[in-house]
Visitor: 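Mind having a look at this structure? Questions to follow.
Naming convention: chains lettered A, B, ... in sequence-line order (proteins, then strands); numbering from 1 in each chain.
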Number of protein chains: 4
Amino acid sequence: MNQRKTLPVLVKARWQRRKNARRQELLAAALELFEEKGYASTRLEDVVKRAGVSKGTFYLYFVNKEELFTMVVRENLAEAIEYTRDDIPEFSGHSADLLRCFISGWWQRVSAPRVSSIARLIVAEAGSFPELAAFYNEEVLERSVKLVSNIVARGIAQGHFTSIGPASAAQALLSPILMLMICKSSLYPYNDRAFDPESFIDSFIALILSGLVPRND
Amino acid sequence: MNQRKTLPVLVKARWQRRKNARRQELLAAALELFEEKGYASTRLEDVVKRAGVSKGTFYLYFVNKEELFTMVVRENLAEAIEYTRDDIPEFSGHSADLLRCFISGWWQRVSAPRVSSIARLIVAEAGSFPELAAFYNEEVLERSVKLVSNIVARGIAQGHFTSIGPASAAQALLSPILMLMICKSSLYPYNDRAFDPESFIDSFIALILSGLVPRND
Amino acid sequence: MNQRKTLPVLVKARWQRRKNARRQELLAAALELFEEKGYASTRLEDVVKRAGVSKGTFYLYFVNKEELFTMVVRENLAEAIEYTRDDIPEFSGHSADLLRCFISGWWQRVSAPRVSSIARLIVAEAGSFPELAAFYNEEVLERSVKLVSNIVARGIAQGHFTSIGPASAAQALLSPILMLMICKSSLYPYNDRAFDPESFIDSFIALILSGLVPRND
Amino acid sequence: MNQRKTLPVLVKARWQRRKNARRQELLAAALELFEEKGYASTRLEDVVKRAGVSKGTFYLYFVNKEELFTMVVRENLAEAIEYTRDDIPEFSGHSADLLRCFISGWWQRVSAPRVSSIARLIVAEAGSFPELAAFYNEEVLERSVKLVSNIVARGIAQGHFTSIGPASAAQALLSPILMLMICKSSLYPYNDRAFDPESFIDSFIALILSGLVPRND
DNA sequence: TATGAATGAGCTTTCATTCAT
DNA sequence: AATGAATGAAAGCTCATTCAT
């Protein structure tokens with residue numbers, strides 16, 4: 001009795017799981033190829049081949065190539081956006097330590113290939129997908145600036161930081177991270193010189209905290 | 001007699017000039033369109049239409065679309081490379097002033113649309129044109145870092161700057177410029193918030209010179 | 001005991017009814033869509049959606065799309081063919097009245113959407129389905145002509161009609177009906193001018209009975 | 001001197017001639033195939049093969065398949081429309097003779113394959129190309145009715161015809177022609193029975209002039 | 001019996017490239 | 001040197017049909 005009613009539900013649920021998996025496989029394959037060749041040069045045939053499905057199957061999951069790109073971006077952006085949701089952690093020590101800790105932690109997260117390559121993709125395709133560029137501006141860049149601004153403002157309020165415009169300081173603190181994200185998956189792979197982003201970030205923070213001009217104290 | 005000999009030369013010269021002009025018109029048209037739509041989405045038909053020549057003519061000047069892109073990039077990169085040829089100016093004042101002056105001057109030059117948009121193009125098409133990415137790394141990025149390194153090193157030698165690794169300091173000083181170049185022609189056009197690169201550069205230099213942590217002196 | 005035997009029969013009967021209903025639903029949906037978009041432009045997906053069944057189910061009832069079309073036509077042609085089975089009614093009055101009555105009655109029946117739109121469909125798809133065109137010729141047109149011929153022949157025998165070839169007279173009498181059937185579901189829906197088929201048929205019969213040239217009697 | 005100026009003109013003119021020929025070849029090939037298989041079932045590949053050009057060439061002459069169909073129809077409709085431009089000829093005899101002459105002449109013209117098959121095509125594709133159906137209604141059907149109406153009205157005015165509504169008489173007179181046009185290229189090719197449209201038209205006119213009911217005069 | 005996800009051949013359309021003029 | 005009509009390989013997308021469930 002129960003069986004007759006639950007059977008279709010189970011079937012549907014299993015299908016749903018399968019459908020979701022297929023979709024993710026397509027998105028993953030597409031991300032790799034978009035990253036590798038850019039939007040226009042990526043052939044749908046390659047995407048479906050890499051995802052292990054047929055051409056027709058693709059159109060069961062996405063209305064067209066454009067939507068695929070949009071979905072790839074939005075899906076992978078979610079992670080980056082999540083980071084900007086973090087509150088400033090409870091921290092009783094010096095604001096410099098908080099900042100150091102926060103910035104290098106940030107880099108560790110956004111340096112993940114899927115996160116940083118999406119940033120580069122958006123930069124590359126901004127002309128063709130303006131709404132994605134706008135989305136990235138609002139939901140990632142602006143929110144990140146606001147978050148770092150808060151930390152800087154806290155530092156100023158506690159007398160740990162000099163009285164500087166928190167927004168432009170935040171922008172300054174984030175600029176090497178954004179640059180690294182973009183270059184990591186474009187220019188740097190073709191760079192002979194070994195370059196270690198982590199240590200660069202560390203020395204950057206050190207530099208910005210204490211300044212280039214020596215102190216007398 | 002003399003005339004008979006020089007006439008063809010003059011004619012050839014005029015042709016040469018015409019030929020060169022055609023080439024430049026094609027390069028200019030291509031730059032605009034590559035910038036607008038990216039390499040793959042730019043149709044040769046649109047390039048020749050904008051340059052005011054026929055499709056066939058294009059192939060008298062370039063072997064194919066790929067070469068066109070390469071030429072567009074190399075041609076416009078020349079300017080940026082020129083900047084890295086500059087010697088450190090004779091300057092007897094404080095190294096901080098030299099640096100301030102140098103960095104903001106640099107920005108003024110590379111913020112020119114043709115210069116900054118080429119950087120973004122290279123980032124966008126690095127996957128398809130690795131040799132251009134490598135070229136940019138070597139001929140622009142590395143040379144710029146070296147140049148700024150020298151200034152920092154000079155400052156350290158004169159006791160104007162703290163004893164820091166000049167290379168990573170240079171990287172730090174250049175990172176907002178590189179980021180601005182890339183974002184100026186991709187993300188920022190779709191940004192609501194007014195953002196003034198010049199004043200950002202200024203406050204960035206100020207911040208990096210004196211540091212975020214207040215001084216006791 | 002008896003029950004045990006009849007029960008499965010009843011069940012089967014219900015299934016049969018259900019099965020038949022499904023088939024009819026598919027045929028009805030298909031007719032609507034074929035009429036609307038033609039054979040080639042009608043997607044099976046739309047047919048099954050309109051019939052409320054799944055794609056796979058369709059193939060339990062029809063071997064393929066071609067057969068579906070054939071079945072739609074044959075099913076709906078049955079009605080038109082039925083009309084040609086009618087005997088000439090017993091009628092003792094003037095043959096002109098019989099003809100008038102018969103022709104306008106005929107139009108009333110074949111003007112039903114399902115009947116007339118099938119005629120237009122066959123005309124439209126004759127190139128792709130020649131056997132249906134031949135079928136229509138034989139089973140509908142020829143039989144109709146024969147039927148009307150009989151009425152005309154009767155009229156001639158009774159001295160009610162002039163001595164004319166009954167077959168070509170029948171063709172003449174049927175031609176506006178065939179034309180109306182075809183145009184009703186193709187050209188006329190896009191006609192601004194109001195056009196009333198019924199009154200046209202009436203005046204057509206009047207005209208053909210008494211002639212365009214005035215009589216002296 | 002002259003040569004330098006006229007050469008490009010000549011070249012352009014020759015090209016123009018070639019271009020026009022190509023266009024006509026494509027239209028002719030398309031007409032044949034649309035007539036044979038209908039719009040949707042006609043593959044562009046077959047059209048270009050029959051016209052002897054490549055796939056790409058097609059798109060130099062037409063923006064897409066839809067436009068091709070529209071052009072095929074409009075181009076070939078021009079002829080049919082031309083007929084409706086004819087004035088009623090000067091004729092001093094009996095209006096019955098004028099009508100007889102006019103109608104059978106009309107049929108001779110519209111029975112040309114290109115003219116009649118276009119009518120059938122419009123009927124078949126009216127659902128997909130409503131604007132063509134409307135165009136045909138206005139520019140062909142309505143004008144034809146008006147033209148024949150004038151002849152009938154003339155006959156009534158001269159006492160040659162009975163006082164009947166000229167419009168419905170015209171419709172009645174044209175209906176077998178329209179029916180023949182449509183059926184000639186759809187149903188009749190699959191008809192066993194020999195059927196001669198010309199003699200049918202003749203007997204139709206005779207019938208309609210003198211009427212089915214015998215005269216006493 | 002019924003489902004609907006999956007297929008892939010085949011369609012329309014695009015565009016870098018060629019070549020006769 | 002310059003043209004632009006012509007090409008055809010390859011792309012995105014559709015849809016009748018199949019099949020595991």
Side-chain angles (χ1 to χ4, degrees), chain A residues 7-8 10-12 14-16 18-19 21-23 40-48 52-66 68, chain B residues 15-16 18-19 22 40-49 52-68, chain C residues 15-16 18-19 22 40-49 52-68, chain D residues 7-8 10-12 14-16 18-19 21-23 40-48 52-66 68:
Chain A
L7 194 63
L10 277 176
V11 165
K12 201 159 201 176
R14 188 183 304 155
W15 264 334
Q16 210 55 47
R18 186 70 180 278
K19 276 200 93 164
R22 277 263 190 276
R23 191 186 156 83
S41 299
T42 294
R43 301 183 305 135
L44 237 26
E45 178 148 0
D46 291 340
V47 173
V48 300
V53 299
S54 71
K55 248 189 234 184
T57 299
F58 171 82
Y59 289 91
L60 296 175
Y61 294 91
F62 302 95
V63 306
N64 56 23
K65 195 184 170 188
E66 266 194 34
L68 172 66
Chain B
W15 272 346
Q16 207 56 45
R18 186 67 189 278
K19 203 175 165 181
R22 278 272 154 87
S41 298
T42 293
R43 304 187 308 137
L44 238 26
E45 175 143 5
D46 290 339
V47 174
V48 299
K49 196 181 293 168
V53 300
S54 73
K55 250 172 175 178
T57 300
F58 171 83
Y59 287 91
L60 297 174
Y61 292 93
F62 301 94
V63 308
N64 57 22
K65 193 185 175 187
E66 268 193 31
E67 199 221 30
L68 172 67
Chain C
W15 272 345
Q16 207 57 44
R18 186 64 189 278
K19 203 177 166 179
R22 276 272 154 88
S41 299
T42 293
R43 304 187 309 137
L44 237 27
E45 176 142 6
D46 291 339
V47 173
V48 299
K49 197 182 292 167
V53 301
S54 73
K55 249 173 175 176
T57 300
F58 171 82
Y59 286 91
L60 297 173
Y61 293 93
F62 300 93
V63 308
N64 57 22
K65 195 186 173 186
E66 268 193 31
E67 199 221 30
L68 172 66
Chain D
L7 193 65
L10 278 176
V11 166
K12 201 157 200 179
R14 187 182 306 156
W15 264 334
Q16 210 53 47
R18 187 70 180 279
K19 275 200 93 165
R22 276 262 190 278
R23 192 187 154 83
S41 299
T42 293
R43 300 183 304 136
L44 239 24
E45 178 149 359
D46 290 339
V47 174
V48 300
V53 299
S54 73
K55 252 189 230 183
T57 299
F58 171 82
Y59 288 92
L60 296 175
Y61 294 91
F62 302 94
V63 307
N64 56 23
K65 193 185 172 186
E66 266 193 33
L68 173 66

Visitor: Hey, which sits more toward the 5' end of DNA chain F by its nearest nucleotide, Thr57(B) or Arg43(A)?
Guide: Thr57(B)

Visitor: Could you tell me how far apart Glu45(A) (CD) and dG10(E) (P) are, to the nearest whole angstrom?
Guide: 15 Å

Visitor: Taking for each residue the nucleotide of DNA chain E with the nearest heavy atom, is it Asn64(B) or Val63(D) whose nucleotide lies nearer the 5' end?
Guide: Val63(D)

Visitor: How would you label the contact of Phe58(D) with the nucleic acid (heavy atoms, under 4.0 Å): base, sugar-phosphate, or nothing?
Guide: nothing

Visitor: Under 4.0 Å from OP1 or OP2 of dT3(F): is there any side-chain N or O of Ser54(B) that close?
Guide: yes

Visitor: Mapping Gly56(D) and Leu60(C) onto DNA chain E by nearest heavy atom, which one lands closer to the 5' end?
Guide: Leu60(C)

Visitor: At 4.0 Å (heavy atoms only), tell me whether Phe62(D) reaches a base, stays on the sugar-phosphate, or touches nothing.
Guide: nothing

Visitor: With rounding to the nearest 0.5 Å, note down the distance linking OG in Ser54(B) to CD in Glu45(B).
Guide: 11.0 Å

Visitor: How close or far is atom P of dC15(E) from atom CG of Asp46(B), stated in whole angstroms?
Guide: 8 Å

Visitor: Going from CG on Leu44(D) to NZ on Lys55(D), what distance comes out if it is rounded to the nearest 0.5 angstrom?
Guide: 8.5 Å

Visitor: Can you give the dot-bracket line for DNA chain E, where a pair is Watson-Crick or G-U wobble with both atom distances under 3.5 Å, crossing pairs use [ ], and | marks a partner on another strand?
Guide: .||||||||||||||||||||

Visitor: Please determine, for the side chain of Tyr61(B), which listed nucleotide (dA2(F), dC13(F), dG4(E)) has the closest atom?
Guide: dA2(F)

Visitor: Do Leu68(D) and Phe58(D) come within less than 4.5 Å of each other through their side chains, counting heavy atoms only?
Guide: yes

Visitor: If each of Val53(B) and Leu44(C) is mapped to the nucleotide of DNA chain F with the nearest heavy atom, which maps nearer the 5' terminus, i.e. the 5' end?
Guide: Val53(B)

Visitor: Of the nucleotides dG8(E), dT13(E), dT17(F), which one has an atom closest to the side chain of Tyr59(D)?
Guide: dT13(E)

Visitor: Taking 4.0 Å as the cut-off, does a side-chain nitrogen or oxygen of Arg22(B) come that near to OP1 or OP2 on dA2(F)?
Guide: yes

Visitor: Is there a side-chain contact between Thr42(A) and Val47(A) (heavy atoms, below 4.5 Å)?
Guide: yes

Visitor: Which nucleotide sits closest to the side chain of Lys55(B): dG10(E), dT12(E), dA5(F)?
Guide: dA5(F)

Visitor: Rounded to the nearest 0.5 Å, how far does OH of Tyr59(C) lie from CD of Glu67(C)?
Guide: 11.0 Å

Visitor: Taking atom P of dT17(E) as reference, at what distance in whole Å does atom CD of Glu67(B) sit?
Guide: 11 Å

Visitor: Indicate whether OP1 or OP2 belonging to dG12(F) is found under 4.0 Å from a side-chain N or O atom of Lys65(A).
Guide: yes

Visitor: Name the nucleic acid region contacted by Ser41(D), choosing base, sugar-phosphate or nothing; use a 4.0 angstrom heavy-atom cut-off, strictly under.
Guide: nothing

Visitor: Closer than 4.0 Å, any side-chain N/O of Lys19(A) to the OP1 or OP2 of dA5(E)?
Guide: yes

Visitor: Can you tell me how far the CZ atom of Arg23(A) sits from the CG atom of Leu60(A), to the nearest 0.5 Å?
Guide: 12.5 Å

